[in-house]
Structures are given as C-alpha cells and as structure tokens.
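Report on the following structure.
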Amino acid sequence: MTAPVFVVDHFDAGGGGRYVLDGPEGRHAVSVKRLRAGEDVVLTDGAGRWADCVVLGAEGKDRLIVRLDSVTEEPAEEPRLTVVQALPKGDRGEVAVETMTEVGVDAIVPWAAARCITQWKGERGAKSLAKWRATAREAGKQSRRVRFPRVADAATSKRVASLLAEAEFAAVLHESGTEPLASAELPASGDIVLVVGPEGGVSPEELALFEEAGARAYRLGPSVLRTSTAGTAAAALLLGRTGRWS
C-alpha cells in the first residue's frame, strides 16, 4: 500500500525537519486515518511539489507531527492532456472529474454546450464548479497524484474553439468521425485537447466551429458511452498511446 497523500500550502519545517500537519488535513490524518509513529506519508501542494515524510506522532485530534527531510519537484508530463467536458446531469459531472483525475488528465474544462440539459448559472453554477474542483483534489489524493488536474471556469463554445486552435492535437468525439481515435497520429509534446459532448451530442454548429479551429471528429469505439464515461475512456486510450502509461 502506497503512502497516503495530504495537501499542504507550504513546506516550511522547523528544526530537525519537524513539520506540523494541522487543519482539516491534520484532522483527517489523526482522527480518520489514525496514523501512528513510523508510518509514511506524502505531503504535496498539488502542483508538483511533494515530500516523503515519516510520522513522529500526533498532538490532540488534528495535529500530525512528521519529519520532512527534502522536497522534490515532479516535472509536468508531456504531452499535456486537457479534456473539455460537457456538463452532465446530476452528479455525473463529479463522476467524470473523479475518474479522469484517476487516469491522469492534466486539465478539465467544463463546457456549457448547446444541448446540455444542465446549465451553470449564478450561485448554482459557482457551487457546481466548486464541487468539481473539490472532487479533483480528493481524487488526486486518493490516486496518489502530486500534480492535480486544474479545473477551469466554465467555458463557452467560442472559448473551447480557442483552446482547440492552440493545441498540437485537437479532437472531438463524434459519431461522424471516420477515423478511430485509436489510430490518430499524436504529438510527443505540447497540448492535446479532447472535446466530449453532452448526452444529446455536439450540435452541427458547434462541430463546424470546432473544425474551423482545427479540430477533427474522431470515433472512440463501437459502443455508445455516456458523456460522464467517454472522457475517461478516451483519456486512458490517449495516455497509453502517448507513452505516459508506460
């Protein structure tokens, strides 16, 4: 079993490398995980900096004392994978974010597609975005990542088109695609941007806009996947083909 991961804002340790993990993370480590002296933990800022630590003990119910020896910087992997995810219904958005985080996606862009039943507006939209970001953070910890995916603000179709125009490889999962994603020529570096449409599909107007920006339509496989699972399946395929899963 690999060491559990906890998120920190800084790595400033005292004499002898003594570091105090407190707040919600400390409470979880002490009261939920019930970590004991001698056990290993990993501290990370979620942006690539991390440290292997050894538990020295606990103080109260929310302060874990660890020995922090050194901090390591994990470089960003190439090529970078961004998934533009159309807004699903209910809690399927959090499911999509959780599983895409687990497989290794680098960035997730919520997309208010024309055919989305769910639309993020006002306070409801802010709460939904916060849920996606919290899900990415928790899934990053659970999957033992030290570089969590960035969940961007909700994007319009025009914003998505601009992301596609800047990418080294731009793809839209769509039934009209004549080429399978499994055989597409992929770059060794730069940005891969993948668009996953809503349950009702990408509209003809959106597809035309994305193709004008340089994207191509690809098919994923013979079966029809929900929007909340298509991104994860496609991401796993791409990460395997680019060598990031090697």
Side-chain angles (χ1 to χ4, degrees), residues 76-89 92-93 95-97 99-119 132 136 149-246:
E77 295 193 78
E78 292 281 346
R80 175 180 166 85
L81 175 58
T82 296
V83 176
V84 176
Q85 174 66 60
L87 305 178
K89 295 181 293 184
R92 291 189 179 276
V95 172
V97 171
T99 53
M100 286 192 288
T101 298
E102 290 173 356
V103 300
V105 166
D106 299 295
I108 301 168
V109 180
W111 171 39
R115 292 177 176 174
C116 284
I117 295 176
T118 298
Q119 294 292 331
W132 280 36
R150 176 179 178 272
V151 179
D153 292 339
T156 62
S157 295
K158 287 185 178 180
R159 173 56 183 156
V160 173
S162 68
L163 292 174
L164 294 169
E166 297 168 358
E168 292 294 324
F169 176 82
V172 181
L173 296 182
H174 197 268
E175 59 187 7
S176 67
T178 57
E179 182 180 352
L181 189 63
S183 62
E185 185 174 347
L186 302 175
S189 60
D191 289 327
I192 293 175
V193 178
L194 174 72
V195 176
V196 180
E199 299 292 353
V202 179
S203 72
E205 295 78 15
E206 289 166 334
L207 186 60
L209 176 65
F210 297 160
E211 289 180 336
E212 185 179 352
R216 291 184 60 183
Y218 291 87
R219 52 186 172 84
L220 182 56
S223 59
V224 177
L225 301 181
R226 286 186 176 274
T227 184
S228 55
T229 56
T232 300
L237 172 65
L238 292 172
L239 291 169
R241 293 196 56 228
T242 58
R244 285 185 49 178
W245 269 21
S246 62

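The figures here come from the full heavy-atom set of this structure, side chains too, leaving out hydrogens, waters and symmetry mates.
The two residues Val160 and Ala155 have their closest heavy-atom pair at CG2-CB, 4.1 Å. Looking at every heavy atom in both residues, Ser176 comes nearest to Leu207 through OG-CD2, 3.8 Å. The two residues Ala171 and Ala215 have their closest heavy-atom pair at N-CB, 4.4 Å. Taking every heavy atom of both residues into account, Thr101 and Ala136 meet most closely at CG2-O, 3.7 Å. Nearest heavy-atom pair across Gly201 and Arg115 is O-CD, 3.1 Å. Closest approach of Val151 to Pro110, counting heavy atoms only: CG1-CG, 4.2 Å.
Taken from CG in Leu173 to CZ in Arg219, the straight-line distance is 12.0 Å, to the nearest 0.5 Å. Between the OG1 atom in Thr242 and the CZ atom in Arg80 there is a gap of 13.5 Å [rounded to 0.5 Å]. Arg241 CZ to Ser246 OG: the interatomic distance, rounded to the nearest 0.5 Å, is 14.0 Å. One finds the OG1 atom of Thr156 at 8.5 Å from the CZ atom of Arg159 (value rounded to the nearest 0.5 Å). Annotation: the span from Glu166 atom CD to Thr82 atom OG1 amounts to 10.5 Å, rounded to 0.5 Å. Rounding to the nearest 0.5 angstrom, the gap separating the CD atom in Glu199 from the OG1 atom in Thr118 is 10.0 Å.
The side-chain contact (heavy atoms from CB on, under 4.5 Å) search around Thr229 returns Leu225, Arg226, not counting sequence neighbours.
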Quick one: side chains of residues 178-198, donor-acceptor pairs under 3.5 Å with protein atoms, not counting sequence neighbours, listed by atom name and distance.
residue: Glu179; atom: OE1; partner: Arg216; partner atom: NH1; Å: 3.4
residue: Glu179; atom: OE1; partner: Arg216; partner atom: NH2; Å: 3.2
residue: Ser183; atom: OG; partner: Pro180; partner atom: O; Å: 3.2

For Leu237 and Leu220, run side chain to side chain contact (heavy atoms under 4.5 Å, CB included): C-alpha distance rounded to whole Å, both residues' side-chain angles, the deciding distance at 0.1 Å, then the answer. CA-CA 9 Å; Leu237 172 65; Leu220 182 56; 4.1 Å; yes
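A donor-acceptor pair under 3.5 Å links the side-chain atoms of Arg244 to the main chain of Pro79, judged by distance alone. A side-chain donor-acceptor contact under 3.5 Å links Trp245 to the backbone of Val103.
Applying the ring pair (Phe, Tyr, Trp, His ring centres under 6.0 Å) test to every pair with at least one member in residues 157-194, sequence neighbours left out, gives these pairs: Phe169-Tyr218.
Under the 4.5 Å side-chain criterion, counting only non-hydrogen atoms from C-beta, Leu209 is not in contact with Glu205. Residues Trp111 and Val202 meet the side-chain proximity criterion, which asks for heavy atoms closer than 4.5 Å. Contact check for Pro88 versus Thr227: side-chain heavy atoms found under the 4.5 Å cut-off.
Glu175 CD: 12 or fewer foreign heavy atoms inside a 6.0 Å radius.
A donor atom on one side chain and an acceptor atom on the other are found under 3.5 Å apart for Glu206 and Ser203.
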